[in-house]
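Presented below is the structure to which this report refers.
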Amino acid sequence: MLIDMYMKCCSLSKAHQTFCQLPVWDVVAWTTMIAGYAEHGLGQLAIKFYDLMQSNGIRPNSVTFVCILKACGSIGAIQHIRKIQTEVEAEGLLQGELVGNTLIDMYATCGRPYLARQIFDKLPKRDVVSWNSLIKGYTESEQFAEVLKCFEQMKTEGLCPSSRTFVSALKACAAIGHLDKGEEICNEVERQGQLTKNPFIGCALIAMYMKCGALAKAQKVFDKVADRDVVMWTALIKGYVDQGHDNKALEIFEHMKVDNVPPNEVTFILIVKACANVRGLDRGSEIHAEIERQGLFQKDLVIGNSLVDMYGKCGDLAIAQEVFDRLSDRDIVSWNALIGGFIEHGFTRDALMCYEHMKLEGVSPDAFTFVYCLKACGTMQDVDKGAEVHLEIECEGLLTANIIGNALVDMYAKCGLLSKAEKVFDKLLVRDVISWTALITGYTELGDGENALQCFDKMHEHGIIPNAVTLLCCLKACTSIGSFDKGAKIHSEIERQGLLQTDLAVGNALIDMYAKCGSLDLAQQVFDRLTVCDAVSWNTLIAGYTEHGDVEDALLCFERMQSKGVYPNIVTFLCILKACSSIGAAQRGTRIHAEIERRGLLSNDLIGNTVVNMYAKCGSVNKAMQVFNKLPIRDVVSWTALMAGFTEIGQSEEVFYIFDRMLGEGIKPNPVTFVVVLTACTRKGLFMKCHSFFEAMSASYGVPPNLEHHSCVIDLLSRRGEVEMAVSMVMKMPFAPSSMLWHTVLGACRNTGSVQFGKQAFNNATQFHYNCSIPHMYPSNIYALQNEYSIDETRNFQIKTVYSN
DNA sequence: ATAGGGTTAG
């Protein structure tokens with residue numbers, strides 16, 4: 001009795017002392033010691049005492065067996081349990097339920113359901129406890145189908161499941177998503193009136209319905225319970241958070257407070273997570289204040305970590321860092337939460353600095369850390385740092401982790417090192433759809449659509465099913481190389497998977513693919529079949545019609561888009577302005593311009609420049625000038641657009657004047673500016689001016705002349721009949737001449753009757769085109785060649801504005 | 001016996 005008291009009071013040494021002073025050591029004394037040690041998790045000591053007892057010739061009784069089995073179970077000493085099992089059987093004690101059940105329970109605890117089953121089958125009589133212990137074994141080793149089998153079988157044996165049984169069965173239903181069975185058990189529970197009696201069953205029911213996605217049913221169970229404790233409220237909140245209904249979780253949290261149930265640590269962790277998921281910084285800060293008021297911040301590291309995560313996800317990295325610094329204790333999760341926050345909001349440098357800092361503090365990075373770091377290296381295209389991290393991963397032996405391997409492939413692919421990416425890819429233990437997609441994306445981003453699609457074929461050969469991300473990326477590859485056939489094949493896979501209705505990005509990419517491959521009909525058909533569409537869908541269609549010269553349909557789309565209530569964005573206006581300028585539709589352009597002013601979008605530099613360009617293209621230089629003067633910022637594109645307008649209407653002097661003004665404002669000309677200026681010279685036959693601009697562009701402005709610039713000068717020489725100079729310039733320039741350029745020169749030779757230079761030019765032209773394998777360039781004389789093509793005298797110079805959706 | 005933090009391809 002005294003030993004037992006000391007043991008229970010945690011005075012192990014006093015208990016031991018008392019035991020030593022006993023006059024005789026009977027089985028009860030030994031068993032009390034063993035029970036005490038087992039109780040305090042000192043399994044090894046319990047085993048030692050058990051052995052001592054036996055060497056002292058004392059035979060264990062049922063209670064001794066139960067105690068020593070519990071001790072062995074708590075430390076996973078499976079061999080000891082097996083030894084004790086033979087002793088139990090030798091003593092014939094398996095007949096009594098107590099020892100048998102304990103044996104089953106301990107095998108279950110040690111994750112040996114088959115050993116538990118062996119004992120179970122040997123029992124002469126099985127009660128609910130035996131079944132529960134057996135079920136526990138199956139639950140521990142995740143054999144959920146067995147759990148449900150046991151649940152049914154025990155009932156056919158006439159036994160009534162206890163709350164423990166119900167909880168295990170419900171857990172099994174949740175794990176395998178067996179909603180029907182779960183519902184059946186729910187009805188059984190309610191029939192027995194257990195729901196109101198036992199809060200554990202209620203929690204298990206809520207968790208089961210939530211995991212099966214039956215949110216309303218989970219809520220119904222919750223509503224039926226009269227007095228709900230914190231845990232049940234928390235179980236409901238967890239369900240909503242896990243299912244992605246974070247706002248609903250936050251709502252429940254409010255109800256809970258109205259109901260006067262104070263949240264505990266777990267509730268706070270879940271609620272902070274909900275705030276992080278919805279990026280609700282304000283709400284998150286309020287919860288944070290509440291956590292601080294209750295003094296839970298210092299008490300619980302998990303809460304601290306969840307706050308760092310929340311601030312990081314919400315983009316308030318300063319506060320995230322502050323909270324992180326205030327943590328009294330930090331673990332790898334704290335560091336990862338901060339690093340993850342930095343990465344998500346583009347602070348890649350800070351993320352990598354944090355990573356170095358962490359290592360200096362002696363914290364070892366784990367898989368999560370490495371994945372974050374690789375993402376940072378990929379984003380920055382810093383392959384040196386990436387290779388460094390790669391090496392560390394190899395040193396840690398983490399290369400076998402699939403996610404890390406995929407992140408490595410992605411990093412090398414993002415850095416444009418596809419051979420390196422392929423090398424890592426080949427070494428992966430498992431190549432899943434993500435590994436393949438990372439590689440395909442790498443090739444696509446590099447503009448190498450052929451290799452991307454080849455990769456896609458290989459993936460198919462390996463039996464990997466593409467998903468929405470893969471197919472989206474492959475569509476982009478098809479678009480970039482204009483591969484209609486392949487694109488159509490991918491389209492059929494998209495239909496097979498029903499992605500057109502569920503993934504708008506895929507739908508939009510499909511529209512773009514068909515539009516860029518020239519099939520506006522199919523693009524429109526896909527568009528019409530979308531369940532929802534956004535501004536990107538409309539923009540893609542508008543750009544498609546514009547590219548194919550169908551400006552009427554482009555403008556019609558613009559009208560329809562607005563009547564359907566889709567708000568046009570910057571890209572919409574850029575597309576529609578481009579449509580207007582392509583056909584010189586000044587009136588329509590003016591209406592669009594008014595719309596843009598009304599929305600205050602002229603201040604956007606892309607829009608402003610494109611409006612100037614639109615008026616310039618339509619020949620309305622006054623309007624172009626008016627808008628130009630209104631622009632808040634005038635960059636080289638704005639100035640060039642204005643100059644192009646004056647070039648268009650032949651006012652070259654004005655072009656040169658604007659060029660000087662632009663230089664005066666400290667703006668540097670770009671290659672397009674020189675095309676415009678040189679064209680202005682060509683139009684007026686100003687050879688000296690043209691020559692001096694051409695010489696100055698690389699010497700004074702650092703803009704090396706490209707094919708277009710050469711063409712301007714050669715064009716001018718040809719017009720002036722300077723065929724010798726024109727021909728020699730064509731042959732000297734470091735670019736392959738376009739056929740258009742040859743025609744200009746040959747036309748000049750014909751007009752001036754310069755047979756000698758004409759022949760020279762022709763020989764070069766045919767040789768060049770022969771090299772390019774264009775068979776129809778084999779006419780017998782220069783006149784025949786001349787007649788095959790008409791020379792477009794009015795060359796259209798365009799301001800190239802790069803924009804995308 | 002019910003409840004707890006962070007990852008990969010667009």
Side-chain angles (χ1 to χ4, degrees), chain A residues 132 135-136 139 162-168 170-171 174 198-208 225 228-239 241-242 263-273 276 296 300-310 312-313 327 331-341 343-344 365-375 378 398 401-411 413-414 421 425 428 432-442 444-445 459 466-476 503-506 508-509:
Chain A
N132 283 349
I135 287 173
K136 181 177 167 188
T139 306
S162 71
S163 60
R164 238 180 235 252
T165 331
F166 280 125
V167 169
S168 298
L170 288 169
K171 249 186 168 172
N198 191 304
F200 300 124
I201 297 182
C203 284
L205 273 171
I206 292 169
M208 181 276 296
V225 178
R228 297 159 296 210
D229 62 355
V230 200
V231 179
M232 199 174 284
W233 280 96
T234 307
L236 188 70
I237 289 173
K238 178 187 157 59
V241 174
D242 284 348
N264 66 14
E265 285 95 324
V266 182
T267 324
F268 277 124
I269 289 162
L270 288 164
I271 283 304
V272 171
K273 190 182 183 185
L296 291 172
D300 194 322
L301 176 59
V302 182
I303 289 190
N305 287 345
S306 66
L307 284 170
V308 174
D309 178 56
M310 184 271 293
K313 282 213 170 75
L327 290 176
D331 62 7
I332 183 71
V333 179
S334 331
W335 287 97
N336 287 345
L338 188 61
I339 291 173
I343 300 274
E344 192 179 325
D366 67 358
F368 289 90
T369 327
F370 284 128
V371 168
Y372 282 134
C373 285
L374 290 171
K375 198 174 177 182
L398 282 172
N402 202 221
I403 291 178
I404 295 191
N406 286 345
L408 260 174
V409 173
D410 180 53
M411 184 275 291
K414 282 215 172 69
F425 178 88
L428 293 181
D432 59 13
V433 63
I434 295 176
S435 334
W436 285 98
T437 307
L439 214 51
I440 293 170
T441 311
T444 306
E445 288 296 313
M459 169 178 161
N467 62 19
V469 183
T470 322
L471 295 168
L472 175 79
C473 185
C474 288
L475 282 175
K476 284 183 183 169
D503 198 315
L504 187 52
V506 169
N508 289 342

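Every chain is numbered from 1 and lettered A, B, ... according to where its sequence line falls, protein lines coming before strand lines.
Atom pair A:Phe370:CZ and B:dT7:C1' shows a separation of 13 Å (rounding to whole Å applied). Atom pair A:Phe425:CZ and B:dA9:P shows a separation of 16 Å (rounding to whole Å applied). In this structure, the CD1 atom of A:Ile206 is 15 Å from the C1' atom of B:dA1, given to the nearest Å. Rounded to whole angstrom, the span from the CD atom of A:Glu344 across to the C1' atom of B:dT7 amounts to 12 Å. Look at CH2 on A:Trp335: it is 18 Å from P on B:dT7, rounded to the nearest Å. Atom pair A:Leu301:CG and B:dG6:C1' shows a separation of 12 Å (rounding to whole Å applied). Rounding to whole angstrom units, CH2 of residue A:Trp436 and C1' of B:dG10 are separated by 19 Å. Whole-Å rounding puts the A:Asp309 CG to B:dG6 P distance at 6 Å.
In this structure, of B:dA1, B:dT8, B:dG6, it is B:dG6 that holds the atom nearest to the side chain of A:Asn336. Candidate nucleotides B:dT8, B:dG4, B:dG10 were compared by shortest atom distance to the side chain of A:Lys375, and B:dT8 ranks first. Residue A:Asp503 has its side chain nearest to B:dG10 when only B:dT2, B:dG10, B:dG4 are considered. In the set B:dG10, B:dG6, B:dT8, B:dG6 carries the atom at the smallest distance from any side-chain atom of A:Ile332. Of the candidate nucleotides B:dT8, B:dA9, B:dA1, B:dA9 has the atom lying nearest to any side-chain atom of A:Lys414. Candidate nucleotides B:dT7, B:dG6, B:dA9 were compared by shortest atom distance to the side chain of A:Val469, and B:dA9 ranks first. Comparing B:dA9, B:dT7, B:dA1 against the side chain of A:Asn467 picks out B:dA9 as the nearest. Checking B:dG4, B:dA9, B:dG10 against the side-chain heavy atoms of A:Val506 singles out B:dG10 as nearest. Closest contact between the side chain of A:Tyr372 and the listed nucleotides B:dG6, B:dA9, B:dG4 involves B:dG6. Candidate nucleotides B:dT7, B:dG6, B:dT2 were compared by shortest atom distance to the side chain of A:Val333, and B:dG6 ranks first.
Among the atoms of the strands shown, none is found under 4.0 Å from any heavy atom of A:Asp432. Nucleic acid contact class of A:Ala505 (heavy atoms, under 4.0 Å, all strands): base. Among the heavy atoms of the strands, none lies under 4.0 Å from A:Asn132. Among the heavy atoms of the strands lying under 4.0 Å from A:Thr441 are primed sugar atoms or P, OP1, OP2 only; no base atom is included. Counting non-hydrogen atoms under 4.0 angstrom, A:Asn402 reaches nothing in the nucleic acid.
In the model, A:Ser162 has a side-chain atom that pairs as donor or acceptor with a side-chain atom of A:Asn132 under 3.5 Å.
With hydrogens and angles disregarded, no donor-acceptor distance shorter than 3.5 Å links the side chain of A:Asp309 to the backbone of A:Gly312.
Taking only side-chain nitrogens and oxygens, A:Lys273 never comes nearer than 4.0 Å to OP1 or OP2 of B:dG4. Applying the 4.0 Å criterion to OP1 and OP2 of B:dT2, one finds that A:Lys171 has a side-chain N or O inside that range.
Listed by chain and residue number, A:Asn336, A:Thr369 satisfy the side chain to side chain donor-acceptor pair (under 3.5 Å) test with A:Asp366 (two or more places apart in sequence, or in another chain). In this structure A:Phe368 satisfies the ring-ring contact (aromatic ring centres under 6.0 Å, His included) test with no other residue, sequence neighbours excluded.
The shortest non-hydrogen separation linking A:Ile440 to A:Cys474 is CG2-SG, 4.0 Å. The heavy-atom pair separating A:Leu338 from A:Val308 by the smallest distance is N-CG1, 3.8 Å.
Checked by distance alone, A:Ser163 brings a side-chain donor or acceptor within 3.5 Å of a matching partner on the base of B:dA1.
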